[in-house]
Every structure is written in structure tokens, then in C-alpha cells.
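Letters A, B, ... mirror the listed sequences (proteins, then strands); counts begin at 1. Only a predicted model underlies this, so the values are computations on that prediction, with no experimental measurement involved.
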Amino acid sequence: AQSVTQLDSHVSVSEGTPVLLRCNYSSSYSPSLFWYVQHPNKGLQLLLKYTSAATLVKGINGFEAEFKKSETSFHLTKPSAHMSDAAEYFCVVTLYNNNDMRFGAGTRLTVKP
Amino acid sequence: DTAVSQTPKYLVTQMGNDKSIKCEQNLGHDTMYWYKQDSKKFLKIMFSYNNKELIINETVPNRFSPKSPDKAHLNLHINSLELGDSAVYFCASSHSGGTGELFFGEGSRLTVL
């Protein structure tokens with residue numbers, strides 16, 4: 001069974017419009033959840049993380065995500081897309097402990113001028 | 001100062017050869033990982049070491065052998081390379097007592113001809 005599902009493989013937005021990247025998870029434990037960004041030919045960088053504190057998490061570059069336990073979701077949003085946001089985004093969940101983390105399949109964000 | 005560094009960044013080799021990828025982290029973390037990213041950007045954990053001990057060993061052919069000489073290093077040796085081994089391999093590290101944030105290297109792109 002898949003532990004984390006990113007509902008869109010590709011999202012395309014215009015510059016200045018809102019971004020929504022969707023992520024649903026399944027975990028038997030209280031999960032920690034993360035969003036990572038990967039720019040072309042680069043390693044992954046942490047955008048934000050949820051670790052059982054505030055359910056609305058703010059990250060770098062204006063991104064934020066809301067943990068909704070009832071919906072088992074952790075969607076990533078940004079009010080206004082910038083060209084530099086074009087990248088691959090990964091939702092990540094811890095399975096049993098913080099040493100065992102599973103990645104979603106990724107969502108490629110394209111930003112049109 | 002690079003936190004997680006991998007070498008080489010690019011590796012092109014023939015089928016049947018043996019190759020190694022090295023990884024070093026200077027963050028003082030006690031857990032290190034190898035991930036494989038395929039051409040569709042899917043990231044899959046291969047191995048995880050905590051304080052030089054193997055703690056995660058996913059279903060990976062035994063042609064892949066990780067070695068951790070100390071907790072700052074985790075090398076990956078691959079025997080008898082196959083076409084399907086072509087991918088980007090990412091090393092990462094984390095602090096086991098922390099929130100699980102992973103710090104990634106920039107990746108090593110392996111091409112098997």
C-alpha cells in the first residue's frame with residue numbers, strides 16, 4: 001500500500017496566480033510530513049515540515065501547507081507563483097520512525113509567464 | 001562548505017563493470033541514506049545506516065553493497081552494472097533524534113551503456 005500519494009503528476013500555473021500541490025498520506029502512527037523541492041539537476045531542499053505542532057506550517061519562499069488529519073492531507077500552497085518556483089515537488093511521510101521516510105511520486109510545477 | 005557531498009557527480013560506464021559512489025557529510029548526523037531516482041523522478045530509498053549500522057535495506061539486488069566506514073561516510077558499491085541501474089543516486093543524512101529532516105547531496109548521475 002502506498003504511504004503517500006501526490007494527486008497530480010504535473011501542475012501548470014501562470015506567474016502571479018496561486019499554487020496548489022496536493023498530497024494525501026496513510027500512516028499507522030502520528031506522522032511527520034514534509035515537502036521538498038528539487039530544481040533541475042539539483043539535490044532536494046526542504047520547503048517545510050509538520051511534526052505535530054501547529055497544523056498550518058509556513059516554509060521558505062512563501063510556501064505553506066496545512067495538515068488535515070480528518071482528510072489525511074498535507075497540501076502545499078502559495079498565493080502567487082514566481083517563475084523560480086518551477087521545479088519538482090515531493091511530499092514525504094515518515095512510516096514508523098523518523099529514519100524511515102517515504103516519498104511521493106512528485107509533482108512537476110510549471111510556471112508560465 | 002558543502003554539507004553532504006557525493007562523488008562523482010557523473011558516471012558513465014559499460015554494462016558489467018563495477019563502480020562506487022562516495023558520500024560524506026559534515027553535519028554531525030548519525031544517520032545516512034542512499035536513494036535512487038529513476039527517469040520519472042521517482043525516489044526510492046535503498047539503504048539507511050545509523051551509526052555505521054544498517055537499519056533499512058530495501059529490496060535491492062545484492063549487487064549493491066553499501067559500506068559505512070564511519071558515521072560521516074556512506075559509500076555505495078555496485079557490481080556487474082546493468083542498464084536498469086542507470087539513475088541518479090542521492091545520498092542524504094539526518095539526525096536520528098530530530099524531526100527527520102533530510103539533507104541531500106546533489107546527486108550522482110549513473111549512466112550504464
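- The closest side-chain heavy-atom distance from Leu44(A) to Leu43(B) is below 4.5 Å.
- In this structure, NZ in Lys40(B) is found 13.0 Å from CD in Glu88(A), a value given to the nearest 0.5 Å.
- Under the 4.5 Å side-chain heavy-atom criterion for ILVMFWY residues, no single connected hydrophobic cluster contains both Met32(B) and Phe104(B).
- With values rounded to the nearest 0.5 angstrom, Arg109(B) atom CZ is found 6.0 Å from Asn41(A) atom CG.
- Rounded to the nearest 0.5 angstrom, Leu46(A) CG and Phe103(B) CZ are separated by 7.5 Å.
- Within the 4.5 Å cutoff, the side chain of Gln38(A) has heavy atoms near those of the Gln37(B) side chain.
- One hydrophobic cluster, built from ILVMFWY side chains closer than 4.5 Å, holds both Leu110(B) and Leu76(B).
- Cluster membership for Leu83(B) and Val12(B), using ILVMFWY side-chain heavy atoms within less than 4.5 angstrom, is not shared.
- Taken together through direct or relayed side-chain contacts under 4.5 Å among Ile, Leu, Val, Met, Phe, Trp and Tyr, Leu7(A) and Phe63(A) form parts of separate hydrophobic clusters.
- By the neighbour-count criterion of 12 heavy atoms within 6.0 Å, atom NZ of Lys44(B) is densely surrounded, having more than that number from other residues, nucleotides or ligands.
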Determine, step by step, whether Phe103(A) and Phe42(B) satisfy the ring pair (Phe, Tyr, Trp, His ring centres under 6.0 Å) criterion, reporting the C-alpha distance in whole Å, the side-chain angles of both residues, the deciding distance to 0.1 Å, and the verdict. CA-CA 8 Å; Phe103(A) 282 71; Phe42(B) 184 68; 8.9 Å; no
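- The hydrophobic cluster containing Leu56(A) does not contain Phe67(A), counting ILVMFWY residues as joined when their side-chain heavy atoms lie under 4.5 angstrom apart, directly or transitively.
- A 4.5 Å side-chain heavy-atom check between Glu101(B) and Lys49(A) finds at least one atom pair inside the cut-off.
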